[in-house]
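What follows is one structure encoded as structure tokens, with my remarks underneath.
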Amino acid sequence: MTTSPSQPTKRIAAIDLGTNSFHAVLVDIYPDGSFRTVNKLKEMVSLAEKGMEDRLSRQAMDRGLEALKRIKFLCDSHNVEQILAYATSAIREAKNGGDFIKEAGDEIGIRIRAISGKMEAEMIGLAIKHSVVIEDEMVLMIDIGGGSVEFIIGNREDFVYYNSLKLGVARMAAAFVDSDPIEVDTIKKLKNHYSNSLTEVIELAKQHGVKTIIGSSGTMENIAEMIAGRNDITAARTLNELTFKKDSFIDFYHEFIKLDRKGRLKEKNLEEKRVDIINPGMVLLKFLVDDCLIENIKISEGALREGMIINYINNKKEELHLDLVVNFENPRQRSVYELLRKCNWTKNHSKHVAGFAMQIFDVFKKEMDLNEQDRELLEYASLMHDIGYYISYRKHHKHALYLIKYSDLLGFNEDEINIMANVARYHRKSTPHKRHKPYKKLSKKLRRRVKKLSAILRLADGLDRSHYQNVKKLEINNTSDKINLLISTHSDPELEIWGALRKTDLLEKMTGKQVEIFQIETKEEVI
């Protein structure tokens, strides 16, 4: 049995066998109940290329089997110990879906389970709650697939509704769309169909004051990518937590819905294999925004396959001897602490530095034009600033930047991840400079925030230069022309004073004030 938090307990794969595509994710499960992605594979299979008929065509079944062979090869090459494979709308509804499931088991060795729409919706809801920040306010979660759409209404505490309805984009395109570009009359027919099918969803959404839609999976992600590209929203590495206002979507909708196939193909962020089925998804989202009076749309990269993994961990925690010690409700806090544990973090030092950083931040918040979001990001950057030791002491500040940027921290958008990564990177050695590529890539606004927060972290880290928490108390006297730090220590303060004074340069530059340090007991100036 593995006991080290940095060593995985088990490697599994989760395969979502959807109508349009098969998605596989390979993950390592850790002793604290967290999981980390090892590899992913997405195979477009188009099981409903002629619409949602009562049987899968032989060609569609063969495409599905070939995709599963490639997924199985990937699993075997990564020594996956268990494969979870769940079939959704197209397979569970087809009269020969059982034949496909049998062939997959006999020929490939993958045991497929056809799950109910209700179960699919519940697991998608679990995945979304795991991946993005959801507060007390009720939200509408939607997963627009090819055959079905899952609707979940809930908040961080509970789901008040979850169900799967046969409104998927491939199904709707086959049933309603027979012109290119889509005709106004077709849009009206689609909206009427949605209105008749979604009476309960709309009623509950209004009853619970829903103002935000959180979308997951391909159609919603593709819509978000196109909107991000048009509005200069950072989304190069992750779409998770990407948020846009209803007006941004509506403006995009009115332009996009008029395009013919050739025009849609010119949209650089639209997947080519969605070009003929994306419009029903656009109309559905517009219908929900209008009828539910939605104000914000957010994206979750967590979907069914992540829900499958969470469900597996919850059911197998005793068998796998998992100790869910970092099972925080907030995905931001949870994912940060999961990364800290995996990197064998210097807990006492990092928490001590974070405490000083918060104290310094609170003094200079107004003067440096900072806000509560900056405070939260600074705290997390302070906790993670030394995780680069996991790779090596040498250049550990640069290793920290890499680990934070590429560890799939959940609950944060890409800008927030970049801020934390760069702030952690600049806790030592040189200050932020545009000759450094990761910093140079940031917008001017983000670079300014990184400078301010780095100035605070550098000083906070210097105050624990020994890593033994020698400074037991810090008082800050911020005057019009000086910053006086009054420290009380357990033993001789020379190393902490030396460490702090070496890192005051950026704070002095940002505030235009000189930093001086005094030892509280004697009030003797030490600069």
Side-chain angles (χ1 to χ4, degrees), residues 15-25 39-53 56-71 74 85-91 93-94 100 124 142-150 166-182 186 190 215-230 235-236 239 252-253 255-285 299-301 303-305:
I15 310 171
D16 166 10
L17 286 77
T19 301
N20 292 328
S21 57
F22 290 178
H23 285 255
V25 59
N39 211 325
K40 289 183 178 182
L41 183 60
K42 174 183 174 183
E43 294 280 339
M44 295 298 290
V45 293
S46 302
L47 295 182
E49 79 267 73
K50 296 179 181 178
M52 296 293 290
E53 300 176 343
L56 299 172
S57 70
R58 185 66 251 177
Q59 294 87 344
M61 290 174 69
D62 288 341
R63 284 196 300 273
L65 292 171
E66 286 301 314
L68 286 178
K69 286 177 185 177
R70 289 188 286 273
I71 292 170
L74 181 69
Y86 288 1
T88 59
S89 186
I91 296 172
E93 293 176 29
F100 179 81
I124 289 169
I142 62 172
D143 188 299
I144 304 176
S148 62
V149 180
E150 284 64 53
K166 297 177 181 181
L167 300 173
V169 288
R171 189 191 300 269
M172 294 296 97
F176 289 92
V177 182
D178 57 6
S179 62
D180 185 45
I182 189 171
T186 302
L190 274 169
S216 67
S217 289
T219 298
M220 284 297 298
E221 289 183 0
N222 225 177
I223 291 171
E225 281 182 294
M226 291 187 285
I227 292 173
R230 288 185 173 215
L239 291 168
F252 172 69
Y253 170 87
E255 289 185 34
F256 185 87
I257 208 70
K258 297 173 185 175
L259 299 176
D260 60 10
R261 191 176 197 277
K262 186 176 180 181
R264 294 194 299 274
L265 282 170
K266 291 180 180 178
E267 287 287 333
K268 64 178 182 179
N269 290 313
L270 175 61
E271 292 180 16
E272 185 175 350
K273 291 185 178 180
R274 296 187 189 277
V275 71
D276 295 321
I277 57 174
I278 190 76
N279 274 333
M282 293 286 294
V283 176
L284 174 58
L285 185 55
I299 300 300
S300 161
E301 288 194 338
L304 176 58
R305 54 202 175 275

Legend entry - Residue pair A170 / N20: nearest heavy atoms and the distance that separates them: CB-OD1, 3.9 Å
Inset, instruction - Check side-chain hydrogen bond (donor to acceptor under 3.5 Å, both in side chains) between D260 and all other residues, then give those that pass, not counting sequence neighbours. - result: none
Legend entry - Side-chain donor or acceptor of N279 paired with backbone N/O of I257 under 3.5 Å: no
Inset, instruction - Check whether any side-chain heavy atom of M172 lies under 4.5 Å from a side-chain heavy atom of V177, and answer yes or no. - result: no
Inset, instruction - Specify the closest pair of heavy atoms between A90 and L56, including all atoms of both residues, with the distance to one decimal. - result: O-CD2, 4.1 Å
Inset, instruction - Using the side-chain hydrogen bond (donor to acceptor under 3.5 Å, both in side chains) rule, pick out the option among K166, E150, R171 that qualifies with S89. - result: R171
Legend entry - Note, N222 side chain near L270 side chain (heavy atom, < 4.5 Å): yes
Inset, instruction - Rounded to the nearest 0.5 Å, what's the gap from CG on N39 to CG on L74? Could you check? - result: 4.5 Å
Inset, instruction - Supply the atom-to-atom distance I227 CD1 to F252 CZ, rounded to the nearest 0.5 angstrom. - result: 5.5 Å
Inset, instruction - Please report the shortest heavy-atom distance between S46 and A60, naming the atom on each side. - result: O-CB, 4.4 Å
Inset, instruction - Show your reasoning for whether side chain to side chain contact (heavy atoms under 4.5 Å, CB included) applies to E267 and R230. - result: CA-CA 10 Å; E267 287 287 333; R230 288 185 173 215; 2.3 Å; yes
Inset, instruction - Specify the closest pair of heavy atoms between G281 and T219, including all atoms of both residues, with the distance to one decimal. - result: CA-CG2, 4.2 Å
Inset, instruction - Decide yes or no for D143 and L304: does some side-chain heavy atom of the first lie under 4.5 Å from some side-chain heavy atom of the second? - result: no
Legend entry - Heavy-atom side-chain contact between I182 and M282 under 4.5 Å: no
Legend entry - Polar side-chain atom of D180 near backbone of R261 as donor-acceptor pair, under 3.5 Å: yes
Legend entry - Identified salt bridge (Lys or Arg N to Asp or Glu O under 4.0 Å) partner of E271 from the options R274, K268, K273: R274
Inset, instruction - First locate atom CG of L47, then atom CD of Q59, and finally report the distance between them rounded to the nearest 0.5 Å. - result: 12.0 Å
Inset, instruction - With sequence neighbours left out, write down each residue that passes side-chain hydrogen bond (donor to acceptor under 3.5 Å, both in side chains) with K40, or none if nothing qualifies. - result: none
Inset, instruction - Enter the distance from R264:CZ to I278:CD1 here, rounded to the nearest 0.5 Å. - result: 9.5 Å
Inset, instruction - Answer yes or no: is there a side-chain heavy-atom contact under 4.5 Å between L17 and L68? - result: yes
Inset, instruction - Locate the shortest heavy-atom distance separating E272 from L265; write the atom from each residue and the value. - result: CG-CD2, 3.9 Å
Inset, instruction - Supply the atom-to-atom distance E221 CD to E225 CD, rounded to the nearest 0.5 angstrom. - result: 7.0 Å
Inset, instruction - Please check if the side chain of R63 supplies one atom and the backbone of V45 the other of a donor-acceptor pair under 3.5 Å. - result: yes
Legend entry - Heavy-atom closest contact (P181 atom, S179 atom, distance): O-OG, 3.3 Å
Legend entry - Check: S300 side chain, G215 main-chain N or O, donor-acceptor pair, under 3.5 Å: no
Inset, instruction - State the CG-CG distance between L167 and L284, to the nearest 0.5 angstrom. - result: 7.0 Å
Inset, instruction - Mind running side chain to side chain contact (heavy atoms under 4.5 Å, CB included) on L65 and F100 for me, showing each step along the way? - result: CA-CA 8 Å; L65 292 171; F100 179 81; 3.8 Å; yes
Legend entry - Main-chain N/O of F22 paired with E43 side-chain donor or acceptor, under 3.5 Å: no
Legend entry - Heavy-atom side-chain proximity of L285 to M220 below 4.5 angstrom: yes
